[in-house]
Amino acid sequence: MSKESIKDTNIQSIKENAPVNYIGNDIIITDRIHKAPTNGQPHRMNFILLMLCTKGEFRFTIDTQEYSATKNNVIIISDRHVVENYHTSDDAEGMLIILSVGFFYETVSNVSDISTLFLFSRNNHVVSLSQKEADIFKGYCDMLKNKIADTDNQFRRELSRTLILAMFYDMSNVIYRVQTKNDKKQNRADAIFTKFILLVEENYKTERRVGWYAEQLCITPKYLSETVKHVSRRTPNEWIDRYVTLEIRILLRNSTKSIKEIATDMCFPNQSFLGKYFKEHVGMSPSEYRKS
């Protein structure tokens, strides 16, 4: 697979090529998966995808590894992964939810939710659900589809976000079940990446230097950078910035703290420094984000 052949796929392009219900470029849901075009072209996902197979079979490749999903299997693909060779059986049916990364960040209520999803989905793209779990997941999908289709509801975005958060915590319970059942031994690169992410989760408020994390892991900064980039397609700095900006988003959205107080909590030298950092990574100032 040549790098030049990979096509970036975003929510806007899916809206233009498939029958879906949506809210802006933040969320898509559809049960008409059989209408989606099937082809072998590789696509890089620039969003988070959750899909429940309710009938038939779905076959596809993620990062050159082949997968198949059948009834009561849920598919989880986080952004930056490359999907190709997507095909379905003639009787395939399912529910598909696609979230922009920004909307997911708005939805989660705790930074640890990032590591829960991203670490798990790296090695568990297809998960088998019990009938009860599948029924719960489908119930969320049905409610979400109805809510998104209700364009007269002025609060459909907020209600959709609340439903997705509840669904995510039920999915986290599935993740917990699978992780306690499967005790796979990680290779060295995966182990380093997992330890790095957990270190970031614990220390992002006070430590943002790649060298510090490398020192804790007893490896060189260069080796850490190469390993994290190879495993996750992101640099260590990108992961650190993700955790920092997410925490600032949560504080701006859910607390009454002033921006100056948030700057102190996040160990920024001053409010101005935080403002420049946040605008560089989010595209708007903290005050603009809080108003929006």
Side-chain angles (χ1 to χ4, degrees), residues 9 11 14 18-22 27-39 43 45 47-79 81-99 103-104 107-108 113 115-149 160-184:
T9 303
I11 288 181
I14 293 177
V20 297
N21 295 100
Y22 61 88
I27 178 172
I28 281 177
I29 187 167
T30 183
D31 57 4
R32 290 170 284 183
I33 302 177
H34 57 287
K35 297 288 186 180
T38 59
N39 58 61
H43 294 263
M45 305 288 100
F47 43 73
I48 295 165
L49 180 151
L50 299 171
M51 191 179 86
L52 174 69
C53 176
T54 56
K55 187 179 179 182
E57 182 183 17
F58 295 83
R59 288 178 288 109
F60 48 92
T61 300
I62 303 176
D63 300 334
T64 72
Q65 185 172 346
E66 294 181 358
Y67 293 89
S68 68
T70 54
K71 183 179 178 181
N72 291 350
N73 286 172
V74 66
I75 301 166
I76 308 171
I77 309 176
S78 55
D79 64 315
H81 289 286
V82 175
V83 178
E84 59 184 319
N85 300 323
Y86 169 71
H87 298 284
T88 68
S89 62
D90 292 337
D91 61 340
E93 295 180 6
M95 301 288 292
L96 172 69
I97 298 174
I98 289 175
L99 306 174
F103 185 78
F104 173 70
T107 302
V108 298
D113 295 339
S115 57
T116 298
L117 179 68
F118 284 97
L119 290 176
F120 179 79
S121 65
R122 279 203 62 259
N123 297 309
N124 298 273
H125 289 298
V126 178
V127 180
S128 179
L129 303 184
S130 67
Q131 188 60 55
K132 178 183 177 181
E133 291 168 340
D135 290 341
I136 290 173
F137 191 88
K138 188 176 184 303
Y140 280 120
C141 291
D142 290 336
M143 287 189 290
L144 191 58
K145 182 184 175 186
N146 291 334
K147 197 56 60 183
I148 291 175
S160 297
R161 189 169 65 193
T162 301
L163 283 171
I164 290 169
L165 180 61
M167 180 185 70
F168 178 77
Y169 280 116
D170 264 320
M171 183 55 63
S172 295
N173 189 54
V174 173
I175 291 173
Y176 176 78
R177 171 180 63 77
V178 174
Q179 286 178 328
T180 53
K181 182 179 179 181
N182 299 338
D183 188 20
K184 291 183 181 179

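Just so it is clear, the structure is predicted and the values come from calculations on it, not from any experiment. Only heavy atoms go into these numbers, but all of them, side chains included; no hydrogens, no water, no symmetry mates.
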Can you sort out the partners of D142 under salt bridge (charged side-chain N to carboxylate O under 4.0 Å, His left out), two or more places apart, ordered by chain and number?
-> K138
With sequence neighbours left out, write down each residue that passes side chain to side chain contact (heavy atoms under 4.5 Å, CB included) with Y176, or none if nothing qualifies.
-> T180
Any side-chain heavy atom of Y86 sitting closer than 4.5 Å to one from R59?
-> no
Taking all atoms of both residues into account, what is the closest heavy-atom pair of N73 and S68, and its distance?
-> OD1-O, 4.3 Å
What side-chain donor-acceptor pairs closer than 3.5 Å can you find for residues 160-167, not counting sequence neighbours?
{"unit_1": "S160", "atom_1": "OG", "unit_2": "R156", "atom_2": "O", "d": "2.6"}
{"unit_1": "R161", "atom_1": "NH1", "unit_2": "E106", "atom_2": "OE1", "d": "3.3"}
{"unit_1": "T162", "atom_1": "OG1", "unit_2": "E158", "atom_2": "O", "d": "3.0"}

Just by modelled atom types, is the I77 backbone N or O under 3.5 Å from a matching donor or acceptor in the S121 side chain?
-> no
Over all heavy atoms of both residues, which pair between R177 and S128 is shortest? Give the atoms and the distance, please.
-> NH2-O, 3.1 Å
Check whether any side-chain heavy atom of N21 lies under 4.5 Å from a side-chain heavy atom of T30, and answer yes or no.
-> no
For the residue pair C141 and I97, what are the closest heavy atoms and their distance?
-> SG-CD1, 3.7 Å
Heavy-atom side-chain contact between D170 and F137 under 4.5 Å = no
Where do L99 and F47 come nearest, in terms of heavy atoms and distance?
-> O-CB, 3.2 Å
Hits for salt bridge (charged side-chain N to carboxylate O under 4.0 Å, His left out) against K147, two or more places apart or cross-chain, chain-then-number order -> none
Say you draw a straight line from CZ of F168 to OG1 of T107; how long is it, rounded to the nearest 0.5 Å?
-> 10.0 Å
Does any non-hydrogen side-chain atom of I98 lie less than 4.5 Å from one of I48?
-> no
Starting at NZ of K145, measure out to CG of D31 and round the result to the nearest 0.5 Å.
-> 3.5 Å
Sequence neighbours excluded, which residues qualify as side chain to side chain contact (heavy atoms under 4.5 Å, CB included) partners of K71?
-> Q131
For I75 and L49, what are the C-alpha separation, side-chain angles and deciding distance, and is it a side chain to side chain contact (heavy atoms under 4.5 Å, CB included)?
-> CA-CA 8 Å; I75 301 166; L49 180 151; 4.3 Å; yes
Approximate separation, where rounding is to 0.5 Å, of I76 CD1 and H81 NE2 = 10.5 Å
Check: D63 side chain, V82 main-chain N or O, donor-acceptor pair, under 3.5 Å | yes
Student check: side-chain heavy atoms of V83 and T61 closer than 4.5 Å | no
Classify the ring geometry between Y67 and H125 as parallel (under 30°), tilted (30 to 60°) or perpendicular (over 60°).
-> perpendicular
Find out whether T88 and E57 are in side-chain contact, i.e. whether some heavy atom of one side chain is under 4.5 Å from a heavy atom of the other.
-> no
Please confirm whether the backbone N or O of E133 pairs with a side-chain atom of S130, one donor and one acceptor, at under 3.5 Å?
-> yes
Apply side chain to side chain contact (heavy atoms under 4.5 Å, CB included) to Y22 and list each qualifying residue two or more places apart in sequence or on a separate chain.
-> K15, V20, I28
Between V126 and F60, does a side chain to side chain contact (heavy atoms under 4.5 Å, CB included) hold up when you go through it step by step?
-> CA-CA 11 Å; V126 178; F60 48 92; 3.9 Å; yes
Kindly compute the distance separating CG (L52) from OH (Y140), expressed to the nearest 0.5 Å.
-> 13.5 Å
Looking only at non-hydrogen atoms, find the nearest pair between S89 and D91 and report the distance.
-> OG-OD1, 2.7 Å
Start with the C-alpha gap between I175 and V127, add the side-chain angles, then the distance that decides, and say whether side chain to side chain contact (heavy atoms under 4.5 Å, CB included) holds.
-> CA-CA 9 Å; I175 291 173; V127 180; over 6 Å; no
Could you tell me the separation between the OG atom of S78 and the CZ atom of F104, rounded to the nearest 0.5 Å?
-> 9.5 Å
Report yes if some heavy atom in the side chain of F58 is under 4.5 Å from a heavy atom in the side chain of M51; otherwise report no.
-> yes
